[in-house]
There are 2 protein chains.
Amino acid sequence: MKKNGYQDIKAHIAAMIRSKQWPPGFLLPSEMDLAAQFDCARATVNRALTELADEQIIDRKRKAGSRVRDGSERIVNLKFQFPCREVTSSGKAHKYVSLKREVCAFPEALQHEGTSERALDALKLEGVHYSNDQPFQFEQTWICRDTCAESEGEMPDHSAPCLRLLQKSPYFHGSMTISVARASQEEARYLGVRTGDPLLIKDLVLTEGHGGPPVARMRMSYRASYTIAGTF
Amino acid sequence: MKKNGYQDIKAHIAAMIRSKQWPPGFLLPSEMDLAAQFDCARATVNRALTELADEQIIDRKRKAGSRVRDGSERIVNLKFQFPCREVTSSGKAHKYVSLKREVCAFPEALQHEGTSERALDALKLEGVHYSNDQPFQFEQTWICRDTCAESEGEMPDHSAPCLRLLQKSPYFHGSMTISVARASQEEARYLGVRTGDPLLIKDLVLTEGHGGPPVARMRMSYRASYTIAGTF
DNA sequence: AAGTGGTCTAGACCACTTA
DNA sequence: AAGTGGTCTAGACCACTTA
């Protein structure tokens, strides 16, 4: 008989849950009981259950125990490439052309709630990304001058703000909104479409850690033929 | 002096990396050395490093050791609610109206590569979701009859296929594509827009586990005012 | 008050990878 | 051949939560 590793235990418990033998709400045996059942140390069961909790399959609470979670409440975890990486990682030639550079207020709607009432200063950069000389992405970036040291000097015009930000603080967190909008005159010109044509928009706010103060906001526009693909 | 728990160690190492004192490519001390430095057991260091690896901050390999990862290669992990849950969880009244129900081939482009050459049978369901009596989402669902037992009988017309699928196998995996399309006559009629108006499209394929055979495909259309919001 | 999970320890064995 | 991380063990202490 094979040894019961934490992955076997995890798989076994996941199977009980998937098959509804342990339905949503079901109270799992305690770690001690499971350790006895699987003939292993409690730490081994603990690791299996901790991972199942990370995967939103069970809920765990001291004294109350571990319960099968209602699967319909699960949060989807969509994995995909960071916007600016898509071109180069598909083997295509990437080029960025800077269009504008100015100091302005950090976009209001997205200011962090905890910040002071005065408007935050931002460095705004606009540019277009090309994939094999085809316009691919129109990018507007606001870099918050209060939270991001990099503001003026170190920003060469030929490298994309999104990639520089990524280099600078690669362990980012933040929020993202995906929507549809009609092309402004400017967007239409640079993306090679007509004014009013539908575009796909990604709007990200990068923060210091989860829910921290904003570091930057990036608004990226794509032609309607663009798609976001990911797995979950 | 405070005890060094795995979270302290993890935070300390993350800080070294974020501050670039340990730059991308840097070889971390071995678990044994770190355990000595932090005056703790190797298992404690191991847990800290394992989590940092899960978060794509370091790469670990036996014998080669742990290295700081190039942050610009990180995969974004966007968390958001499952499509059909959005209405009810925002407190609005949800209603589903079934429109069509037929047997057809499982959509070709999305058939799994490992499956046989013959076309897969599917039960196709079409319907509209309402949020407070406003049309909200037009849904087309193909349920694969080879992999999903639930096909004909148990599908009452009044409950949404996406929610039933979620109830039935809540521990889903799969892939999703987000795109922009122009409304067909049918979509326009049911969503209350004009033919040719831009829509946001979510196209998901649910599979058995990661990369397994397809269980279902769902294509969801939304008016242009709809947005997808998530955090990462 | 009692039972649960969260975490740590000191040791062990081993698979894997490189030198 | 040697060093690394992956995993397990048997025990421990304790924070948290409920009954």
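Here is the naming used below: chain letters follow the sequence lines, and residue numbers restart at 1 for every chain. What you see below is based on every heavy atom in this structure, not just the backbone, and it leaves out hydrogens, waters and symmetry mates.
Here the straight-line distance linking atom CD1 of B/Ile201 with atom CE of B/Met220 works out to 11.0 Å at 0.5 Å rounding. Taking CG of A/Asn4 as the start and NE2 of A/His12 as the end, the distance is 8.5 Å to the nearest 0.5 Å.
At distances below 3.5 Å, at least one donor-acceptor pair connects side-chain atoms of A/Glu139 with backbone N or O atoms of A/Cys162. Without hydrogens or angle criteria, B/His173 side chain to A/Phe232 main chain gives a donor-acceptor distance under 3.5 Å.
When each of A/Tyr6 and B/Ser66 is assigned the nucleotide of DNA chain D with its nearest heavy atom, B/Ser66 is the one assigned upstream, toward the 5' end. Heavy-atom distances to DNA chain D give each of B/Asn46 and A/Ala64 a nearest nucleotide, and the one nearer the 5′ end belongs to B/Asn46. Mapped onto DNA chain C by nearest heavy atom, A/Leu49 and B/Lys61 fall at different nucleotides, with A/Leu49 at the one closer to the 5' end.
Considering all non-hydrogen atoms of both residues, A/Val45 and A/Cys40 come closest at CG2-SG, 3.7 Å.
Once you apply a 4.0 Å limit to the heavy atoms of chain B, the touched nucleotides of DNA chain D run 5' to 3' over D/dA2 to D/dT7.
Within the shown strands, C/dA1 is the pairing partner of D/dT18 under the Watson-Crick or G-U definition, both distances less than 3.5 Å. Under the Watson-Crick or G-U wobble criterion, with both distances below 3.5 Å, C/dC13 is paired with D/dG6.
Using a 4.5 Å heavy-atom cutoff, the side chains of B/Val215 and B/Cys144 are not in contact.
Within 4.0 Å (heavy atoms only), B/Arg47 reaches sugar-phosphate atoms of the nucleic acid but no base atom.
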